[in-house]
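These numbers come from the heavy atoms of this one structure, side chains and all, not from hydrogens, waters or symmetry mates. Letters A, B, ... mirror the listed sequences (proteins, then strands); counts begin at 1. Predicted model only: the values in this text are computed from it and were never measured.
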Number of protein chains: 2
Amino acid sequence: MSAARTSHPRTRIQAKRRGRILEAALDVFSTHGFRGATIDQIAEAADMSKPNLLYYFRSKEAIHHELIQRLLDDWLQPLRDLDPAGDPMSELRAYIRRKIEMSRDFPREGRLFTNEILQGAPHTLGMLRDVLKPLVDEKVKVIEGWMKAGHIVRTDPYHLIFSLWATTQHYADFDVQVRAVLGPERDGEGRFEDAARFLEQLYLDGLAPRQGGK
Amino acid sequence: MSAARTSHPRTRIQAKRRGRILEAALDVFSTHGFRGATIDQIAEAADMSKPNLLYYFRSKEAIHHELIQRLLDDWLQPLRDLDPAGDPMSELRAYIRRKIEMSRDFPREGRLFTNEILQGAPHTLGMLRDVLKPLVDEKVKVIEGWMKAGHIVRTDPYHLIFSLWATTQHYADFDVQVRAVLGPERDGEGRFEDAARFLEQLYLDGLAPRQGGK
DNA sequence: GTCTATAATGCGATAGAC
DNA sequence: GTCTATCGCATTATAGAC
């Protein structure tokens with residue numbers, strides 16, 4: 001069969017090999033960026049020859065494109081899960097927990113996106129407008145609802161979301177720096193738990209309605 | 001004279017040309033990363049030929065190295081300026097303001113560092129340990145002093161600093177995303193002022209000592 | 001489907017004239 | 001100091017045998 005290069009492989013064996021390539025590509029793209037990554041590196045990581053890899057994907061760009069598309073949905077799931085009917089403080093706490101867990105368990109995915117955005121989102125700008133912005137706009141309305149109901153203090157909901165993204169994503173993107181600063185004496189997975197606790201305190205205290213109520 | 005390649009050019013004309021190269025290189029490295037940048041691009045941006053550029057710098061890596069070294073000091077200045085004798089809330093507010101202004105006025109410098117850290121700090125790891133960590137350790141002690149004196153709530157000072165870095169740096173690194181989400185209707189330099197106000201509110205309210213005491 | 005070989009281009013760096 | 005020309009290697013992608 002000669003349909004290996006389509007996005008929808010017909011056979012199980014093709015799906016499996018494409019999956020192995022994507023897994024290897026995630027490794028390489030996330031640490032070297034798109035241009036810094038080479039097909040050779042990806043092929044070696046996927047344990048196959050370069051021409052063989054290019055039998056499954058038309059080009060380096062095609063691999064990157066499919067990777068971005070597949071991962072964006074997962075990446076936004078915590079924000080999608082923000083429940084308008086839930087208790088605001090519990091929802092925020094759950095969101096922070098989920099995002100910190102993702103930085104701990106899937107740092108490569110985060111770095112892939114950061115690399116992409118940092119370089120001006122050349123392959124992703126359309127998705128930012130068509131997928132990301134509508135979702136954020138929707139959740140901003142949820143947050144504004146909580147503010148009007150007096151459950152959390154009034155503030156700029158867009159910048160609140162940016163701030164949540166930035167603080168949680170930091171532990172994936174700047175992992176090297178975080179570990180260098182914490183030093184060997186505090187090295188270990190505990191930093192993620194410490195981060196979650198700190199961020200819960202910061203956001204939950206910072207957003208709790210004031211007693212005096214303005 | 002044949003000393004153009006040393007780090008300390010003797011003549012004014014050499015310093016000027018090297019400066020023009022570094023300015024162009026900042027542009028290119030900050031948007032494409034080290035490996036994504038080409039000497040051709042830098043040379044064109046500096047309006048000189050590639051061999052001419054390589055007369056002033058031994059190699060692509062030498063340009064990058066000097067850029068990182070020159071900028072790190074500026075980059076850490078706001079943290080250095082954190083005054084143990086100052087009012088904690090005013091010091092934090094000033095720090096946030098300074099960092100947001102830097103993201104607005106010097107976004108390329110921020111992206112240069114983020115690119116570098118994201119890729120595992122291959123050229124910078126030593127500086128993180130020798131320069132960054134000692135400075136952070138020193139300022140952590142300052143913050144701990146404020147906590148013990150009851151001026152701000154007790155929390156993890158390392159993660160507080162990470163959080164401040166992440167939230168302020170976000171507006172340089174993720175500028176494309178921020179603008180895509182805010183949309184054309186909120187596009188304009190106002191986003192930096194909005195960000196500063198939001199962050200002041202978050203941190204100052206979140207860190208203010210509770211009325212009931214601990 | 002997978003391989004070896006190689007085409008085609010991009011890129012860092014140098015040679016050598018002026 | 002600056003240029004044109006070019007070397008040498010890396011890298012993307014393809015050709016064609018098996």
Side-chain angles (χ1 to χ4, degrees), chain A residues 1-25 27-29 31-67 115 119 122-123, chain B residues 1-29 31-68 115 119 122-123:
Chain A
M1 148 139 22
S2 61
R5 291 183 164 184
T6 69
S7 299
H8 301 290
R10 309 289 166 83
T11 75
R12 214 164 288 142
I13 200 86
Q14 281 178 9
K16 197 170 173 187
R17 300 225 88 190
R18 286 172 64 91
R20 213 168 82 198
I21 292 168
L22 289 171
E23 160 66 23
D27 234 57
V28 179
F29 281 135
T31 52
H32 296 98
F34 180 76
R35 291 202 48 190
T38 71
I39 295 187
D40 267 320
Q41 287 176 295
I42 299 171
E44 191 184 358
D47 196 32
M48 63 181 76
S49 74
K50 181 163 50 174
N52 194 192
L53 182 152
L54 286 167
Y55 172 78
Y56 289 98
F57 287 92
R58 176 181 294 97
S59 66
K60 177 178 163 180
E61 187 147 359
I63 306 175
H64 188 260
H65 184 74
E66 182 146 342
L67 212 44
N115 253 311
Q119 306 189 359
H123 312 88
Chain B
M1 146 138 26
S2 61
R5 290 182 164 183
T6 70
S7 299
H8 300 289
R10 309 291 165 80
T11 76
R12 215 163 288 140
I13 200 85
Q14 282 177 9
K16 197 170 174 188
R17 300 225 90 189
R18 286 173 62 93
R20 214 167 83 199
I21 293 168
L22 289 171
E23 161 66 24
L26 175 57
D27 235 55
V28 179
F29 281 135
T31 53
H32 296 97
F34 181 75
R35 292 206 42 191
T38 71
I39 295 187
D40 269 319
Q41 286 176 295
I42 299 171
E44 191 183 0
D47 197 33
M48 62 180 76
S49 72
K50 180 163 53 172
N52 194 193
L53 182 151
L54 285 167
Y55 172 79
Y56 290 98
F57 287 91
R58 176 182 292 97
S59 66
K60 179 178 165 181
E61 189 148 358
I63 306 174
H64 188 261
H65 184 75
E66 181 146 344
L67 214 43
I68 294 267
N115 254 310
Q119 306 189 0
H123 312 88

- Item | Closest non-hydrogen atom pair between A:N52 and A:M48, with its separation |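 Heavy atoms only, the tightest pair is OD1-CB, 4.0 Å.
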
- Item | Minimum heavy-atom distance between A:A37 and A:F29, given as atom pair plus value |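 For A:A37 versus A:F29, the nearest heavy atoms are CB-CD2, 3.5 Å.
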
May I have the distance from [X] (atom [atom1]) to [N] (atom [atom2]), rounded to whole angstrom?
X	N	atom1	atom2	result
A:D40	D:dC9	CG	P	16 Å
A:R18	C:dG1	CZ	P	12 Å
A:R20	C:dT2	CZ	C1'	12 Å
A:I21	C:dT2	CD1	P	9 Å
B:I63	C:dC11	CD1	C1'	13 Å
B:H32	C:dG12	NE2	P	12 Å
B:F57	C:dG12	CZ	P	15 Å

- Item | Contacts of type side chain to side chain donor-acceptor pair (under 3.5 Å), residue A:Q41, not counting sequence neighbours |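 With neighbours one apart ignored, the set is A:T38.
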
- Message: Under the rule for side chain to side chain donor-acceptor pair (under 3.5 Å), what residues qualify as partners of B:R35, not counting sequence neighbours?
- Response: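 Partners of B:R35 by the side chain to side chain donor-acceptor pair (under 3.5 Å) criterion come out as none, since no residue qualifies.
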
- CG of A:L53 to NZ of A:K60: how many Å apart, nearest 0.5 Å?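 Answer for the CG-NZ pair, A:L53 versus A:K60, is 12.0 Å.
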
Can you see if the side chain of [X] gets near the phosphate of [N] - specifically, an N or O under 4.0 Å from OP1 or OP2?
X	N	value
B:R35	C:dG12	no
B:S49	D:dT2	no
B:N52	D:dC3	yes
B:Q14	D:dG1	yes

- Item | Test side-chain contact (heavy atoms from CB on, under 4.5 Å) applied to B:H123 - qualifying residues, sequence neighbours left out |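 For B:H123 the side-chain contact (heavy atoms from CB on, under 4.5 Å) partners, ignoring immediate neighbours, are B:F34, B:E61, B:H64, B:E116.
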
Taking only nitrogen or oxygen atoms into account, show me every contact under 3.5 Å that the protein makes with nucleotides 13-18 of chain D, one pair per line with its distance.
unit_1 : atom_1 : unit_2 : atom_2 : d
D:dA13 : OP2    : A:K60  : N      : 3.0

- Task: Between C:dG1, D:dC3, D:dG1, spot the one nearest the side chain of B:Y56, thanks.
- Result: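 Nearest to the side chain of B:Y56 among the choices is D:dG1.
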
- Query: Does any pair with a residue in residues 41-53 of chain B pass salt bridge (charged side-chain N to carboxylate O under 4.0 Å, His left out), and if so which ones, sequence neighbours excluded?
  - Reply: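 Of all non-adjacent pairs touching residues 41-53 of chain B, those that pass salt bridge (charged side-chain N to carboxylate O under 4.0 Å, His left out) are B:D40-B:K50.
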
- Message: Classify B:A62 by what it touches in the nucleic acid, base, sugar-phosphate, or nothing, heavy-atom distance under 4.0 Å.
- Response: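 Result for B:A62 = nothing.
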
